[in-house]
Amino acid sequence: MSSVNFSLAELMIVAASEAWRGNGEVLASGLGIIPRLGASLAKLTHSPELLMTDSETLIVEEPIPVGPRGDYVPKYSGFLPFERVFDAVWHGRRHAMVGPTQVDRWAQSNLSVVGDYAKPKVAMLGVRGLPGNSINHRNSFFMPNHTTRAFVSGEVDMVSGVGFNPERWAPGMRRDLMSIGLVITDLCVMDFNGPDNAARVLSLHPGVDFELVQERTGFPLLKADNMGVTAAPTAEQLAIIQRMDPHNLRARQLKGNPMGIRTAEEVRG
């Protein structure tokens, strides 16, 4: 364990930043506080070539802090209107980290409804741009509550984002731009790079065991060959996160208490 105190949110931000490692010059979009901070950390450390915007129409040379900016002046470097964003999307030059409500064994995602589509238990924002985005460029997932309600046993209630279910792919459909990156949860880091795109656990957060992750997942999981403990944030990374999130908005998504070594039973509790 690292001797540096860090929160679960900060651990997940560092893990999320790895989704963009080695992507090249793509548009990095983190949707939500923790994914956005993950993308920001990636650009400020291992992947400076990433493109980021001010969330409106301008490219920035360095990520903009979240929340009130005070006297911070953005470092603008270019114009990126909507039509140019769509050019990046349609050509696979974007990598977004999204937060769906459900994910299934085929990496299909749902952010539309829970329950029957004709008479749902819960209606959310609808599919929005996810169908076109997910079929055209890489997407990673941020899932802050790892439960069987999030990682469902069957197919997601409404397929909003495409995955690897062969029954959903008609003959002749182009599949070379669609891909799934990392899945960041409050228990572990996963991907869908196992045999036949099976879900694999790449690393377990401190104090979490594989049995707990499987217990809270509605479909079978594999252990990656080199599965270990999720890397702890360094002092340098924590300083960058603090600079990018000076108002500690990350703590609103997850409890901000410093992590220590915990047993699986304590995590279950």
Side-chain angles (χ1 to χ4, degrees), residues 18-20 22-24 26 29 31 35 86 88-143 146-185 187-203 210 213-227:
E18 291 297 317
W20 286 279
N23 282 195
V26 301
S29 302
L31 306 184
F86 284 122
V89 168
W90 306 147
H91 291 88
R93 302 305 300 164
R94 182 186 188 225
H95 181 178
M97 182 172 286
V98 300
T101 301
Q102 295 176 330
V103 172
D104 62 26
R105 71 185 65 214
W106 298 281
Q108 297 176 137
S109 54
N110 170 29
L111 48 69
S112 181
V113 299
V114 174
D116 182 78
Y117 185 78
K119 193 175 181 180
K121 297 177 183 177
V122 179
M124 294 165 288
L125 293 176
V127 299
R128 299 176 72 82
L130 190 56
N133 293 341
S134 61
I135 204 169
N136 281 291
H137 65 70
R138 177 176 293 181
N139 286 272
S140 290
F141 300 143
F142 170 65
M143 308 291 284
H146 195 135
T147 69
T148 53
R149 290 187 296 178
F151 294 97
V152 296
S153 59
E155 193 172 54
V156 294
D157 291 342
M158 195 279 179
V159 178
S160 306
V162 300
F164 301 106
N165 186 352
E167 295 181 4
R168 293 282 181 178
W169 289 87
M173 292 180 69
R174 184 175 178 178
R175 301 181 60 171
D176 58 308
L177 295 179
M178 173 266 169
S179 67
I180 303 297
L182 295 182
V183 183
I184 311 298
T185 86
L187 297 181
C188 66
V189 178
M190 301 163 50
D191 69 12
F192 283 86
N193 291 335
D196 297 320
N197 301 114
R200 307 183 305 171
V201 176
L202 302 179
S203 68
F210 180 83
V213 178
Q214 182 61 83
E215 175 186 312
R216 295 191 181 179
T217 306
F219 47 85
L221 297 172
L222 301 176
K223 297 180 182 179
D225 292 340
N226 58 346
M227 185 184 75

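Since this is a predicted model, take the numbers as computed values, not measurements.
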Working to the nearest 0.5 Å, report the span between CG of Asn136 and CH2 of Trp90. 5.5 Å
Quick one: closest heavy-atom pair of Met97 and Ala19, and the distance? CE-CB, 3.8 Å
Could you tell me whether the side chain of Asn110 reaches within less than 4.5 Å of the side chain of Ser160, counting heavy atoms only? yes
Within-4.5 Å side-chain heavy-atom neighbours: Val98 and Ser109: no
I need the minimum non-hydrogen distance between Ser134 and Asn139, along with the two atoms involved. CA-ND2, 3.3 Å
Can you confirm whether Phe141 sits close enough to Ile184 that some side-chain heavy atom of one is under 4.5 Å from a side-chain heavy atom of the other? no
Distance under 6.0 Å and angle within 45° of the ring axis: does Arg168 meet both against Trp106? no
With sequence neighbours excluded, give me every salt bridge (Lys or Arg N to Asp or Glu O under 4.0 Å) pair touching residues 111-130. none
What's the shortest heavy-atom distance between Phe219 and Asp104, and which atoms? CE2-C, 3.6 Å
Under 4.5 Å between any side-chain heavy atoms of Trp20 and Ser140, yes or no? no
From the options Leu222, Leu221, Leu202, Leu182, select the one residue that forms a side chain to side chain contact (heavy atoms under 4.5 Å, CB included) with Met190. Leu221
How many angstroms lie between atom CD of Gln214 and atom SG of Cys188, to the nearest 0.5 angstrom? 10.5 Å
Under 4.5 Å between any side-chain heavy atoms of Arg175 and Val162, yes or no? no
Student check: side-chain heavy atoms of Arg138 and Asn23 closer than 4.5 Å: yes
Under the rule for side-chain hydrogen bond (donor to acceptor under 3.5 Å, both in side chains), what residues qualify as partners of Arg105, not counting sequence neighbours? none
Once rounded to the nearest 0.5 Å, what's the spacing between atom CZ of Arg200 and atom CG of Asp191? 4.0 Å
Enter the distance from Phe164:CZ to Gln108:CD here, rounded to the nearest 0.5 Å. 10.0 Å
Quick one: are Asn133 and Val89 in side-chain contact, heavy atoms under 4.5 Å? yes
Does the Asp196 side chain pair with the main chain of Ala198, one donor and one acceptor, at a distance under 3.5 Å? no
Least distance between heavy atoms, Ser29 atom then Arg94 atom: OG-NE, 3.1 Å
Gap separating the CZ atom of Arg216 from the CZ atom of Arg149, nearest 0.5 angstrom: 11.5 Å
Which pair of non-hydrogen atoms, one from Met143 and one from Val103, has the smallest distance, and what is that distance? CE-CG2, 3.8 Å
Look up atom OG in Ser203 and atom NZ in Lys223, then write down how far apart they are to the nearest 0.5 Å. 14.0 Å
For residues Val213 and Val201, report the shortest heavy-atom separation together with the two atoms involved. CG1-CG2, 4.1 Å
